[in-house]
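Counting starts at 1 for both ligands and their atoms, following the listed order. All values reported here derive from a predicted model rather than from experimental measurement. The figures here come from the full heavy-atom set of this structure, side chains too, leaving out hydrogens, waters and symmetry mates.
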Amino acid sequence: MASARALCPPLLLLLAAAGAALAKLPLPPYVRPCSFKLSDRKLSECALKSARDIWPNILKGDPKYKVPVLDPMHLDRLVVIDGKGPLGMQLIARDVKMYGLPDAIINSTTHRSNPQDNTYVATIPLVHITAKYNVSGRILLLPIVGQGNVVMDLKNVKLVYQFDFRLEKLEDGETYYIPLPGARLDLDVDGMTIKMDNLFNGDGALLDTTNNFLNEEWREVFDSLRPSFAKAISEVITDILNGIFRQVPFKDAFLDVDAV
Ligand SMILES: *[C@@H]1O[C@H](CO)[C@@H](O)[C@H](O)[C@H]1NC(C)=O
Ligand SMILES: *[C@@H]1O[C@H](CO)[C@@H](O)[C@H](O)[C@H]1NC(C)=O
């Protein structure tokens, strides 16, 4: 413990430095900049075109801009269901892979020169998820502890991502467009299926009954996992925005910024 505490001050310094300018980079070649002089409506239209152009280009990730691989999107660990909800079970997933992001349709964007309420609305026809799970608690009133593989399909996933930004001069003297932490993500689906293997040590009948129950009650299952999924996805989107906008000065990320 003592040695961990001794490590703290330098670590804090490091974090503070990470909050400053990262590295001054040019705009990635696949990003078409929009003019900040445009009306909010035109800026939103331009941002929509730009976002649609950018999407296929970042699916494989772009380490230089800290954009993670999105096809599939990978999460090390996700507390899928925290055990506090009506389902009475805790579901922890590791090595989570989400497929289907290349098919995302970006429906609309609202981009304003005003820092509040910038949004992206997108729909993904099918998100296929594979993971390793640990479950504990109760299912169908039966006590359960187990681990295995889980596969989920989410149909017509609708995302509304809403963020605020701030223009901020960082240590290098440049002004940056900084997406603020605390973005909101609304998430909904038209349907979902879930299949867990190896429940009740692979007892076939109980396993089928449980999977059937989870699929019949998918709305409740989805509502239970919505907060953790929304938080994880929102963090990935915020990371992408930060990876680009914290490294590309405002004047290079947009056109006509002198007018601001
Ligand atoms: C987004 O666009 C797709 C394709 O046009 C459509 O199927 C979907 O319903 C739209 N979603 C929203 C939220 O408007
Ligand atoms: C589940 O729990 C076991 C034992 O605690 C652990 O070894 C394993 O890594 C856990 N698996 C997941 C997916 O969390």
Side-chain angles (χ1 to χ4, degrees), residues 28 30-34 38-62 67-75 78 80-81 96-130 151-165 179-194 215-245:
Y30 48 79
V31 180
R32 210 152 32 97
C34 296
L38 295 171
S39 64
D40 286 349
R41 189 174 60 80
K42 295 263 180 186
L43 179 57
S44 299
E45 277 172 23
C46 178
L48 176 61
K49 282 205 197 91
S50 200
R52 285 175 174 164
D53 289 347
I54 292 168
W55 189 245
N57 284 290
I58 58 171
L59 291 168
K60 293 285 166 227
D62 190 344
V67 175
V69 173
L70 299 169
D71 182 26
M73 181 166 136
H74 184 262
L75 302 169
L78 187 63
V80 180
I81 297 178
V96 183
K97 294 196 181 83
M98 296 192 190
Y99 300 86
L101 276 66
D103 300 327
I105 297 152
I106 303 174
N107 290 94
S108 60
T109 66
T110 313
H111 260 266
R112 302 175 208 275
S113 38
N114 182 314
Q116 265 100 45
D117 293 338
N118 292 275
T119 57
Y120 289 91
V121 177
T123 307
I124 311 175
L126 183 71
V127 176
H128 177 72
I129 301 167
T130 65
V151 179
M152 285 182 246
D153 282 324
L154 307 179
K155 217 180 103 196
N156 282 330
V157 181
K158 184 185 160 191
L159 307 106
V160 181
Y161 175 82
Q162 195 176 23
F163 72 99
D164 300 340
F165 71 86
L180 298 180
R184 278 94 46 212
L185 185 85
D186 287 335
L187 191 64
D188 205 359
V189 297
D190 282 350
M192 96 172 254
T193 60
I194 178 167
N215 284 284
E216 274 158 26
E217 300 299 324
W218 70 266
R219 184 38 82 181
E220 199 167 320
V221 176
F222 179 74
D223 285 344
S224 302
L225 56 79
R226 186 203 317 257
S228 60
F229 270 57
K231 183 162 178 285
I233 295 169
S234 163
E235 280 170 7
V236 170
I237 301 173
T238 302
D239 283 351
I240 296 171
L241 292 175
N242 268 299
I244 295 176
F245 289 122

Problem - Heavy atom of protein inside 4.0 Å of atom 7 (O) of ligand 1, strictly below - result: no

Exercise for the section: Enumerate the atoms of ligand 1 whose separation from the nearest heavy atom of K158 is less than 4.0 angstrom. Expected result: 13 (C)

Exercise for the section: Verify whether the ring centers belonging to Y120 and H111 lie closer than 6.0 Å. Expected result: yes

Problem - Any donor-acceptor pair under 3.5 Å from W55 side chain to L101 backbone - result: yes

Problem - Under 3.5 Å: donor-acceptor pair, side chain of N118, backbone of D164 - result: no

Handout entry: Exercise check, heavy-atom protein proximity under 4.0 Å to atom 2 (O) of ligand 1
Key = yes

Completion exercise
A student checking ligand 1 against I105 at a 4.0 Å heavy-atom cut-off should list atoms 2 (O), 3 (C), 4 (C)

Problem - Identity and distance of the protein heavy atom lying nearest atom 9 (O) of ligand 1 - result: T123 OG1, 4.8 Å

Handout entry: Residue pair T123 / N107, side-chain donor-acceptor N/O under 3.5 Å
Key = yes

Practice task
Show your working on salt bridge (Lys or Arg N to Asp or Glu O under 4.0 Å) between K155 and D188 and close with a plain yes or no.
Solution key: CA-CA 9 Å; K155 217 180 103 196; D188 205 359; over 6 Å; no

Fill in the blank from the handout: One finds that the ligand 1 atoms under 4.0 Å from a non-hydrogen atom of N107 are 1 (C), 2 (O), 3 (C), 8 (C), 10 (C), 11 (N), 12 (C), 14 (O)

Handout entry: Verify atom 11 (N) of ligand 1: protein non-hydrogen atom under 4.0 angstrom away
Key = yes

Handout entry: D117 side, atom CG; F165 side, atom CZ - distance, nearest 0.5 Å
Key = 11.0 Å

